[in-house]
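Everything on this sheet refers to the single structure shown next.
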Amino acid sequence: MTARVASWLPLSPGERAVAIEVLTHGPLSRSDIARRLDLSAGSLTRLTKPLIESGLLIEVPEGAALLEVRQGRPSQPLDIVAESRTFAGFKITQDMVYGVVTTLKSDIVARRDLPLSSHDPAHVVDVLGELTGAFAREFPGLAGIGIGLGGRASDRSVVEESAFLGWRDVPLARLVEERTGLPAVVDNDVSALVEAERWFGAGRGLERFAVLTIGAGVGYGLVSGGRRVGTAEDGLGVGRAWIVNPNGPLTPDGERGSAVSLLGIPSIRYQIRAATGRDFSYEEILALAAEGEPMAARVIGEAARALGTLIAQISNFAMPQKIVLAGEGVGLVDVAGPDIEAAILANRHPQAEPVNLETKVSDFHDWARGGAVLAIQVLVLGAGAA
């Protein structure tokens with residue numbers, strides 16, 4: 001840990017529990033906090049006093065929230081001081097590093113990106129270091145770094161395998177710490193995105209929800225009992241073997257008819273290129289499909305039916321309260337929404353509850369925000385907070 005992180009008041013387990021509760025559910029009245037954590041009024045006062053004195057918690061000013069009446073006198077709700085710390089979050093793709101700075105509540109306050117000219121770990125670390133340096137000049141109190149990428153990571157520190165970078169057993173967190181002087185964590189990008197939705201996004205306060213991402217690939221994450229379900233398969237790219245339509249297209253990525261071959265942006269572009277001999281962007285293909293161009297409409301229609309089938313399968317087996325659809329490929333919903341809905345209904349029991357689906361238009365900076373949330377969880381609130 002650096003001096004900047006160590007300067008924040010070390011938290012006892014009780015103080016940490018209060019901080020997490022207010023951070024992820026606040027602002028909260030003292031009675032709400034006590035009830036949620038099964039604390040007496042006296043214990044809560046003892047735990048919150050140092051958090052307020054350290055500048056981590058603040059009493060919400062009058063007029064900003066309804067006041068709670070406690071023992072005959074008003075008591076102001078408590079909230080996290082979002083600007084008390086800032087964090088750098090990064091998303092590494094095949095050719096770019098996307099970076100953001102967020103507050104303690106994960107609100108993005110700055111963005112900055114740089115291209116990658118090589119996948120050599122030393123070069124990637126240099127790019128991360130350059131971006132971090134630029135951020136640190138603008139935000140001198142930068143407290144830590146979180147990094148998300150496609151692949152498998154262990155202990156939120158070592159990239160065990162990343163196919164698109166050609167990496168195996170790269171101690172990325174340590175290398176970034178040495179380069180920047182700031183503590184760093186690294187994890188699979190989908191896992192990071194799920195954590196961001198769990199703490200600060202569409203899954204906030206839910207006991208059970210799923211995240212499905214479509215973009216360069218297909219990602220899936222599940223939260224059950226209010227915690228992300230982590231497995232040894234995280235980062236393996238299960239969408240490549242998740243068969244949706246056995247008679248579907250055969251593409252360079254994924255098995256025939258797999259989620260990746262039907263929904264992955266490279267696979268969709270490949271199908272159009274193979275059929276027309278022309279190279280179109282994903283956005284151009286969506287526009288052609290919306291205009292009724294036959295080939296684009298067919299490929300996008302198949303993708304939409306595949307997406308609807310996946311959503312129905314997740315609903316049938318995981319029974320989530322909500323499914324969050326995210327990623328740079330979600331424009332599919334605007335173009336082929338009726339096909340998606342028809343596939344959901346075709347694969348659900350007629351009397352089943354409607355799927356609570358939330359679509360989040362997102363870009364690579366939203367993925368980078370997920371990295372910042374990892375830093376918030378691990379570097380500030382402690383490893384046990386995640």
Side-chain angles (χ1 to χ4, degrees), residues 1-60 68 75-89 102-107 141-146 155-157 173 177 182-187 191-192 194-201 203-207 223-230 369-386:
M1 289 290 184
T2 67
R4 269 176 270 190
V5 174
S7 67
W8 191 20
L9 181 72
L11 304 182
S12 70
E15 292 164 349
R16 177 170 291 122
V18 171
I20 294 172
E21 201 68 25
V22 176
L23 177 62
T24 56
H25 298 100
L28 291 173
S29 68
R30 285 173 169 80
S31 62
D32 280 341
I33 300 170
R35 185 183 68 255
R36 285 170 173 269
L37 299 178
D38 194 22
L39 294 171
S40 68
S43 295
L44 182 62
T45 298
R46 176 177 54 80
L47 293 171
T48 56
K49 186 173 184 291
L51 296 176
I52 294 172
E53 290 175 348
S54 72
L56 176 59
L57 294 187
I58 190 173
E59 291 185 322
V60 177
E68 168 200 7
S75 173
Q76 294 176 310
L78 295 175
D79 202 1
I80 285 285
V81 180
E83 295 75 21
S84 62
R85 288 295 182 273
T86 52
F87 303 83
T102 77
T103 67
L104 187 52
K105 286 190 174 183
S106 85
D107 297 316
L142 204 63
I145 300 167
D155 300 322
R156 287 188 165 177
S157 61
E177 288 178 355
L182 288 170
V185 291
V186 59
D187 209 340
S191 298
V194 172
E195 292 291 6
E197 294 302 322
R198 178 171 77 93
W199 274 40
F200 302 107
R204 189 181 188 209
L206 296 180
E207 285 292 305
V223 168
S224 182
R227 299 180 67 86
R228 183 178 67 84
V229 179
R369 171 177 170 262
V373 171
L374 295 179
I376 292 170
Q377 289 180 331
V378 177
L379 301 177
V380 173
L381 298 180

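Ionic pairing of K105 and E83 is not present here: no N-O contact between side-chain nitrogen and carboxylate oxygen is shorter than 4.0 angstrom. R156 and E195 are joined by a salt bridge, as a carboxylate oxygen and a charged side-chain nitrogen come within less than 4.0 angstrom of each other.
There is a side-chain donor-acceptor pair under 3.5 Å between R369 and S106.
Contact between S12 and L47 at its shortest, heavy atoms only, is OG-CD2, 4.3 Å. Here the closest non-hydrogen pair linking A173 and A184 is CB-O, 3.5 Å. Minimum heavy-atom separation, R85 to G141: CD-O, 4.3 Å. The minimum heavy-atom distance linking A196 with G370 is given by the pair CB-CA, 4.0 Å. Shortest non-hydrogen contact noted between L51 and A19 is CD1-N, 4.3 Å. Pairing each heavy atom of A88 with each of L142, the nearest pair is N-CD1, 3.8 Å.
Of the options V81, V22, D79, a side chain to side chain contact (heavy atoms under 4.5 Å, CB included) to L57 is made by V22 and by none of the others. Among the candidates T48, I58, V60, the single residue satisfying the side chain to side chain contact (heavy atoms under 4.5 Å, CB included) test with L78 is T48.
Considering CD1 of I20 and CD of Q377, their distance stands at 8.5 Å, rounded to 0.5 Å. Between atom CZ of residue R228 and atom CD of residue E197 there is a gap of 13.5 Å, rounded to the nearest 0.5 Å. With rounding to the nearest 0.5 Å, the separation of CG in L37 from CG in D32 is 10.5 Å. Distance check: I376 CD1 to W199 CH2 gives 8.0 Å after rounding to the nearest 0.5 Å. Taking OG1 of T24 as the start and CD of E21 as the end, the distance is 5.0 Å to the nearest 0.5 Å.
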Item checked: Working for side chain to side chain contact (heavy atoms under 4.5 Å, CB included), residues V378 and V185 -> CA-CA 8 Å; V378 177; V185 291; 3.8 Å; yes
Check: So E59 and R30, salt bridge (Lys or Arg N to Asp or Glu O under 4.0 Å) or not? Walk me through it.
Finding: CA-CA 10 Å; E59 291 185 322; R30 285 173 169 80; 2.8 Å; yes
Next item on the list: Start with the C-alpha gap between V223 and L206, add the side-chain angles, then the distance that decides, and say whether side chain to side chain contact (heavy atoms under 4.5 Å, CB included) holds.
Entry: CA-CA 9 Å; V223 168; L206 296 180; over 6 Å; no
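Residues L104 and F87 meet the side-chain proximity criterion, which asks for heavy atoms closer than 4.5 Å. T86 places none of its side-chain heavy atoms less than 4.5 Å from the side chain of T102. Between S224 and E207, the closest side-chain pair of non-hydrogen atoms is not below 4.5 Å. The shortest side-chain heavy-atom distance between L28 and R36 falls under the 4.5 Å cut-off.
S191 places no side-chain N or O within donor-acceptor distance of the main-chain N or O of D187, the cut-off being under 3.5 Å.
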